[in-house]
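Below: the structure, in structure tokens.
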There are 2 protein chains.
Amino acid sequence: MSKRLPNQLEAWEAAALIARRELSAEALLIGCLERIAERESAVRAFAVLDADAALARARALDAGSWRGPLHGLPLGVKDLFDTADLPTSYGTAIHAGHRPAADAAAVALCLEAGAVLVGKTETTELATMQPAPTRNPHDAARSPGGSSSGSVAAVADCMLPIALGTQTAGSIIRPAAYCGVVGYKPSLGRVPRAGLKLQCESMDTAGGFGRSVRDAALLGSVLLGDERLRFADTPAAPSTPRIGLVPTPWWSQADADVQAAWVRAVAALAPHGIEAALPAGFDALVPLQKRIMFHEAARSLSHERVRHREALSPGLQAMLDEGLAIPVTQYQADLVAAADWRRRIDALFDDHDLLLAPSTTGEAPTMASTGDPLFCRPWSLLGLPCVHLPFARGAGGLPVGLQVVGRHGDDHRLLAAAHWVHQRLLA
Amino acid sequence: MSKRLPNQLEAWEAAALIARRELSAEALLIGCLERIAERESAVRAFAVLDADAALARARALDAGSWRGPLHGLPLGVKDLFDTADLPTSYGTAIHAGHRPAADAAAVALCLEAGAVLVGKTETTELATMQPAPTRNPHDAARSPGGSSSGSVAAVADCMLPIALGTQTAGSIIRPAAYCGVVGYKPSLGRVPRAGLKLQCESMDTAGGFGRSVRDAALLGSVLLGDERLRFADTPAAPSTPRIGLVPTPWWSQADADVQAAWVRAVAALAPHGIEAALPAGFDALVPLQKRIMFHEAARSLSHERVRHREALSPGLQAMLDEGLAIPVTQYQADLVAAADWRRRIDALFDDHDLLLAPSTTGEAPTMASTGDPLFCRPWSLLGLPCVHLPFARGAGGLPVGLQVVGRHGDDHRLLAAAHWVHQRLLA
């Protein structure tokens with residue numbers, strides 16, 4: 001293994017070196033800042049960057065005692081999370097320069113655990129579909145995906161080891177797939193959302209990115225407050241995981257790259273993969289997810305919708321109008337249907353430790369859009385924990401991968417199993 | 001009926017007069033502002049008051065076309081909701097003078113519906129137990145209850161017709177009982193919480209206060225976006241509602257005043273009241289509610305806990321420490337138990353249209369505390385809609401009443417039935 005620069009280390013490796021004082025938080029941060037200086041003008045991952053504050057923090061951590069599992073790790077924070085020390089504009093000019101009162105809970109938990117806040121990363125407009133300026137680090141003509149665009153690009157490009165994102169439809173798993181990193185969307189309701197710009201409370205979930213399952217799990221352990229998520233070498237994965245293969249009803253919309261990755265994964269995982277039968281009517285989950293999301297967004301974003309309509313993109317205006325036009329009786333029935341589906345899907349995990357499913361329809365699209373969250377919508381609606389695993393390349397040379405999905409609340413088991421699966425896919 | 005001043009009108013009456021242009025929004029507001037000028041130094045309901053902005057808004061509404069069901073109604077907003085035009089400090093000096101980027105969704109929905117924002121009302125420290133400066137309008141030596149202290153006092157004292165509050169344990173129903181107004185806590189998950197300072201996502205619920213069920217329902221119709229909640233004269237209540245009588249396992253902690261109110265209510269509602277058997281083990285809901293609330297608060301309020309610990313009251317420090325000490329495995333098991341209880345309680349509404357239960361242990365306590373939320377905790381945990389109905393006086397001359405509780409998601413039916421019940425209790 002060739003000698004890697006500090007910014008190329010995985011988060012768990014860097015954390016271990018720092019804990020043993022074989023690497024300083026300052027040296028790691030300087031490595032990251034050098035990479036940022038070199039690449040930011042091309043990638044545009046950051047909405048706000050504060051190198052001086054980060055350096056001061058890293059030095060203070062080096063001078064003090066061990067704070068927690070993220071001690072000394074540079075962290076990027078999607079600009080949808082409030083930060084007390086950095087402006088927060090939620091991806092819209094409406095809120096340019098806003099200074100929040102407090103760090104979002106997820107940010108505060110990471111800082112309490114020793115993370116070094118480096119900057120706020122670009123998000124799409126209010127975490128919806130209007131692209132951020134960020135480019136895909138693998139190909140500047142391509143989108144990194146969204147809405148967690150800057151976070152995923154910074155991690156993929158080795159500007160940062162870990163970064164926070166959020167997912168409502170497909171805003172963690174999809175960009176992770178397009179940029180070839182590990183994305184982790186926790187179980188709905190297990191990471192506090194205080195200080196997060198809420199759009200759709202039935203689905204909004206904070207999570208993050210790393211360059212390995214270990215790294216995503218390390219970050220997740222702090223977000224969930226659950227040390228069972230952390231592992232270095234030997235996670236407590238089942239020795240013979242039962243992997244439910246779920247191409248989903250939208251399989252025909254996966255392109256040749258994704259279908260080839262699927263075939264390769266099924267072969268690599270044999271004999272552990274078994275076909276899993278989704279409940280009848282599963283295809284209804286995509287329109288159901290959209291209706292709930294659009295309706296909730298139209299109400300949650302009422303301030304922007306009513307007072308700043310002209311400053312919203314035409315696409316977001318149309319989405320909010322569509323959401324507002326959904327009758328409340330339909331919305332209430334949709335919530336009941338979603339709750340029923342969450343109960344029904346649970347039984348699938350009696351026979352499967354995890355599910356394997358597509359993450360995207362294909363490689364990253366051009367900069368005109370952030371791509372289609374189609375394959376993420378059902379799992380977001382169901383509130384299940386998901387991990388994207390990168391392991392292949394498409395015809396265009398860009399990353400392709402698949403996601404694994406776990407039982408609600410079983411994040412620690414899902415991450416251990418995801419690591420097991422990822423090792424086999426990479427072998 | 002003696003001629004009432006504009007500020008003494010119920011919200012639904014004032015709204016109807018304004019819609020018919022028999023009363024101006026400006027005249028109504030001036031009546032409220034005169035009452036505020038007369039009483040605020042004694043009651044201290046407001047954290048921030050902006051009479052000039054409110055007057056300008058009222059005049060603009062009078063000059064324009066009808067905006068919605070709250071057209072021209074002066075509104076108080078608990079200082080736990082963000083407001084774009086007024087500072088928001090969440091009841092703590094830590095955030096004194098903070099200017100949010102946007103109105104909270106609940107505020108924006110009320111403004112869209114034509115409400116006139118008059119001011120921010122006092123809340124206890126971060127909506128927990130450390131009292132606000134607000135006094136009970138019925139007796140300045142007594143607490144108005146909390147955490148929605150200023151909102152409830154302003155409505156009870158005819159400073160405002162309606163005001164927004166929130167409930168996690170008992171922060172709407174309890175103060176409504178202590179001040180003798182109608183308090184409405186909607187079903188969990190039906191009012192958007194964007195822009196609300198979240199403390200405990202498993203229970204935090206936005207709702208509000210009025211001086212009649214009609215008024216609370218009018219406000220609720222905007223918060224839920226559900227016009228079925230609105231009614232003027234003849235709500236679609238069941239003609240023979242089946243009222244489940246639920247003194248609860250904590251009945252012995254209700255004092256003589258509450259027990260007398262209970263006896264009177266049961267007599268007034270005969271023969272519609274029938275004893276309802278709560279599921280076995282219901283008494284476990286109070287410790288369960290506390291554990292989930294404390295653990296979630298300790299994580300949601302991480303910024304304040306970590307960076308401003310010395311500025312928190314000793315009581316809140318202790319609560320957050322207690323919450324942080326609860327193992328995450330216990331918390332996760334508690335969430336599963338809460339979800340089970342939510343399913344189990346639903347069956348009770350197959351046989352009952354609504355439940356009647358105590359709201360408080362007695363009259364308002366002295367200013368040293370905001371009172372015990374004991375009788376509200378189980379319904380908050382269960383996420384059920386609740387309406388407090390004032391109809392009696394205790395030995396100290398202060399208001400006493402009871403709450404009615406409905407099936408999750410059946411807010412429109414609960415409010416219609418609550419109106420029916422309230423008319424009988426007041427007869």
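We name chains A, B, ... by the order of the sequence lines, and we start the count at 1 in each one.
- For a residue to count as touching a neighbouring chain, one of its non-hydrogen atoms must lie under 4.5 Å from one of that chain's; by this rule A:His303 touches chain B with backbone and side chain alike.
- When all heavy atoms of B:Ala108 and A:Ser302 are compared, the closest pair comes out as CB-CB, 3.6 Å.
- The nearest pair of heavy atoms linking A:Gly189 to B:Tyr331 is O-OH, 4.1 Å.
- When A:Ala194, A:Ala104, A:Ala101, A:Cys200 are compared by the number of non-hydrogen pairs under 4.5 Å with chain B, A:Ala101 comes out ahead.
- For the pair B:Glu201/A:Glu201, no side-chain contact is recorded, criterion being any heavy-atom separation below 4.5 Å from C-beta on.
- Of the atoms belonging to A:Gln199, not a single heavy atom falls under 4.5 Å from chain B.
- Ranked by heavy-atom pairs under 4.5 Å with chain B, the list A:Ala105, A:Ala102, A:Ala339, A:Ala106 is led by A:Ala102.
- Between A:Leu198 and B:Leu198 there is a side-chain heavy-atom pair separated by less than 4.5 Å.
- Interface remark: B:Arg228 contributes side-chain atoms only to the contact with chain A (heavy atom separation under 4.5 Å).
- Looking at A:Pro100, the atoms closer than 4.5 Å to chain B (heavy atoms on both sides) all sit in the backbone: N, CA, C or O.
- For chain B, the nearby part of A:Arg99 is the backbone; its heavy atoms alone come within less than 4.5 Å.
- Contact record, A:Arg299 with B:Val222: NH1-O, 4.0 Å, taken as the closest heavy-atom pair.
- Here the shortest heavy-atom pairing between B:Arg305 and A:Leu109 reads NH2-CD2, 4.0 Å.
- More than 12 heavy atoms of other residues, nucleotides or ligands lie within 6.0 Å of CZ in B:Arg344, so this atom counts as buried by the packing criterion.
- For the atom pair CD (B:Glu227) and OG1 (A:Thr329), the distance works out to 9.5 Å, reported to the nearest 0.5 Å.
- For a residue to count as touching a neighbouring chain, one of its non-hydrogen atoms must lie under 4.5 Å from one of that chain's; by this rule A:Leu335 touches chain B with the side chain only.
- The two residues A:Pro192 and B:Ser300 come nearest to each other via the heavy atoms CB-OG, 3.8 Å.
- Looking at B:Val107, there are no atoms closer than 4.5 Å to chain A (heavy atoms on both sides), in backbone or side chain.
- Annotation: A:Gln317, atom CD; neighbour count of heavy atoms from other residues, nucleotides and ligands within 6.0 Å is above 12.
- Nearest approach of B:Leu224 to A:Val328, heavy atoms of both residues: O-CG2, 3.6 Å.
- Looking only at side-chain heavy atoms (C-beta outward), B:Asp85 and A:Arg307 come within less than 4.5 Å of each other.
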